[in-house]
K.L.:
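Pasting in a structure now, in structure tokens, and then I'll have a few things to ask.
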Amino acid sequence: MVGRKPGVIALFDVDGTLTAPRKGITPKMLEFMRELGEAVTVGVVGGSDLVKISEQLGKSVINDYDYVFAENGLVAYKNGELIASQSLKSFLGEEKLKEFINFTLHYIADLDIPIKRGTFIEFRNGMLNVSPIGRNCSQEEREEFEKYDKVHNIRPKMVSVLREKFAHFNLTFSIGGQISFDVFPQGWDKTFCLRYLNEFPEVHFFGDKTYKGGNDYEIYVSERTTGHSVTSPDDTAEKCRSLFLTKQNGDA
């Protein structure tokens, strides 16, 4: 595309970075991302599967961005075409999966929290998403659990137990969003998607969960990226505008 900076890609987390938590992208932010796409190559990387990413960024998401990495890049699209897909089941095997899922469900069953709903473990192509409250909770219940978790550390405590119990499985546990955490093999965090970006010597990553234990941390601190910690979609747009859309950066 004419005017794009060669060798540069802006790569974005979805939830909390391009959208408010679990909300859809606003028309204003969508228009900004299209403007940004005129200046640099743009990609998105989320822990969720493509269905959930599409719910937030739009059904045409794989065509709206140059790269779309679902499930941390285990399912990868470039210019609207599927270029890679990895499977957690093939990595762990059925017996290890069953052992982990059984233990986790027993833990949740014994967990005393104000409310529980349904879908406590969501099986994705390249990871498990574990939610102590259950992913079927309402938005209001989701927000209440997030506040409760910040006080009682339900997710951090659960992750600590699972990490010790299944240390021999070589798994990574990554807390993200408001109600859940992801479980995947070591190295299958968001840095996984970087293997498809070797043509870009300059990779800028934008995310909100960039603290240690957050699901943006590994890619944020990676030597392959220049990490930018953001607090909201507006903050993301402001930082991108300063980096890529100013006169100092070649914009007319």
K.L.:
With a cut-off of 3.5 Å and sequence neighbours excluded, list every side-chain donor-acceptor pair involving residues 123-131.
P.N.:
unit_1: Arg124; atom_1: NE; unit_2: Glu122; atom_2: OE1; d: 2.8
unit_1: Arg124; atom_1: NH1; unit_2: Gly47; atom_2: O; d: 3.0
unit_1: Arg124; atom_1: NH2; unit_2: Glu122; atom_2: OE1; d: 3.0
unit_1: Asn125; atom_1: ND2; unit_2: Ser85; atom_2: OG; d: 3.4
unit_1: Asn125; atom_1: ND2; unit_2: Gln86; atom_2: O; d: 2.1
unit_1: Asn129; atom_1: OD1; unit_2: Arg135; atom_2: NH1; d: 2.7
unit_1: Asn129; atom_1: OD1; unit_2: Ser180; atom_2: OG; d: 3.4
unit_1: Asn129; atom_1: ND2; unit_2: Ser180; atom_2: OG; d: 3.1
unit_1: Asn129; atom_1: ND2; unit_2: Asp182; atom_2: OD1; d: 2.8
unit_1: Ser131; atom_1: OG; unit_2: Gly134; atom_2: N; d: 3.0
unit_1: Ser131; atom_1: OG; unit_2: Ile179; atom_2: O; d: 3.1

K.L.:
Under the side chain to side chain contact (heavy atoms under 4.5 Å, CB included) rule, collect the residues that match up with Gln178, sequence neighbours excluded.
P.N.:
Pro21, Arg22, Gln139, Arg142, Glu143, Glu146
K.L.:
List in chain and number order the residues that pass side chain to side chain contact (heavy atoms under 4.5 Å, CB included) with Val151, two or more places apart in sequence or in another chain; answer none if no residue qualifies.
P.N.:
none
K.L.:
Of all residues at least two apart in sequence or in a different chain, which pass the ring pair (Phe, Tyr, Trp, His ring centres under 6.0 Å) check with Phe173?
P.N.:
none
K.L.:
Would you mind writing out the side-chain donor-acceptor pairs for residues 61-70 within the sub-3.5 Å range, not counting sequence neighbours?
P.N.:
unit_1: Asp64; atom_1: OD1; unit_2: Ser60; atom_2: OG; d: 3.2
unit_1: Asp64; atom_1: OD2; unit_2: Ser60; atom_2: OG; d: 2.8
unit_1: Asp66; atom_1: OD1; unit_2: Arg4; atom_2: NH1; d: 3.3
unit_1: Asp66; atom_1: OD1; unit_2: Arg4; atom_2: NH2; d: 3.2
unit_1: Asp66; atom_1: OD2; unit_2: Arg4; atom_2: NH2; d: 2.8
unit_1: Asp66; atom_1: OD2; unit_2: Val42; atom_2: N; d: 2.9
unit_1: Tyr67; atom_1: OH; unit_2: Glu199; atom_2: OE2; d: 3.1

K.L.:
Under 3.5 Å, side chain of Ser90 to main-chain N/O of Ser87, donor-acceptor pair present?
P.N.:
yes
K.L.:
Which residues pass the side-chain hydrogen bond (donor to acceptor under 3.5 Å, both in side chains) test with Lys150, sequence neighbours left out?
P.N.:
none
K.L.:
Atom CE in Met29, atom CG in Leu36: separation rounded to 0.5 Å?
P.N.:
8.5 Å
K.L.:
Testing Leu11, Thr225, Asn215 for side-chain contact (heavy atoms from CB on, under 4.5 Å) with Lys190, which one passes?
P.N.:
Asn215
K.L.:
Output all residues satisfying side chain to side chain contact (heavy atoms under 4.5 Å, CB included) with Ala84, sequence neighbours left out; order by chain, then residue number.
P.N.:
Ala76, Tyr196
K.L.:
Between Lys209 and Asp15, does any NZ, NE, NH1 or NH2 come within less than 4.0 Å of an OD or OE carboxylate oxygen?
P.N.:
no
K.L.:
Quick one: closest heavy-atom pair of Pro132 and Met158, and the distance?
P.N.:
CG-SD, 4.0 Å
K.L.:
Does Lys96 make a cation-pi contact with Phe169 (under 6.0 Å, within 45 degrees of the axis)?
P.N.:
yes
K.L.:
Phe32: which residues meet the ring pair (Phe, Tyr, Trp, His ring centres under 6.0 Å) condition with it, sequence neighbours left out?
P.N.:
none
K.L.:
Which pairs of donor and acceptor atoms, one on a side chain in residues 104-112, lie under 3.5 Å apart (sequence neighbours left out)?
P.N.:
unit_1: Thr104; atom_1: OG1; unit_2: Phe100; atom_2: O; d: 2.8

K.L.:
Please enumerate all residues that pass salt bridge (Lys or Arg N to Asp or Glu O under 4.0 Å) together with Lys212, with sequence neighbours excluded.
P.N.:
none
K.L.:
Would you confirm whether the ring centroid of Tyr220 sits within less than 6.0 angstrom of the ring centroid of His228?
P.N.:
no
K.L.:
Excluding sequence neighbours, so at least two apart, what forms ring pair (Phe, Tyr, Trp, His ring centres under 6.0 Å) with Phe192?
P.N.:
Trp188
K.L.:
Could you tell me if Thr172 and Asp189 have a donor-acceptor pair between their side chains, going purely by distance under 3.5 Å?
P.N.:
no
K.L.:
At their closest point, which heavy atom of Asp13 faces which heavy atom of Phe205, and how far apart are they?
P.N.:
N-CE1, 3.8 Å
K.L.:
Is any side-chain heavy atom of Cys137 less than 4.5 Å from a side-chain heavy atom of Phe145?
P.N.:
no
K.L.:
State, with a plain yes or no, whether a side-chain heavy atom of Gln186 is found less than 4.5 Å away from one of Leu171.
P.N.:
no
K.L.:
Is Lys147 salt-bridged to Glu144, cutoff N-O under 4.0 Å?
P.N.:
yes
K.L.:
Surrounding CD of Glu140 (heavy atoms of other residues, nucleotides or ligands, distance under 6.0 Å), is the total greater than 12?
P.N.:
no
K.L.:
Going by the rule side chain to side chain contact (heavy atoms under 4.5 Å, CB included), which residues pair with Tyr148 if we only count those two or more places apart in sequence or in a different chain?
P.N.:
Ile113, Pro114, His152, Ile154
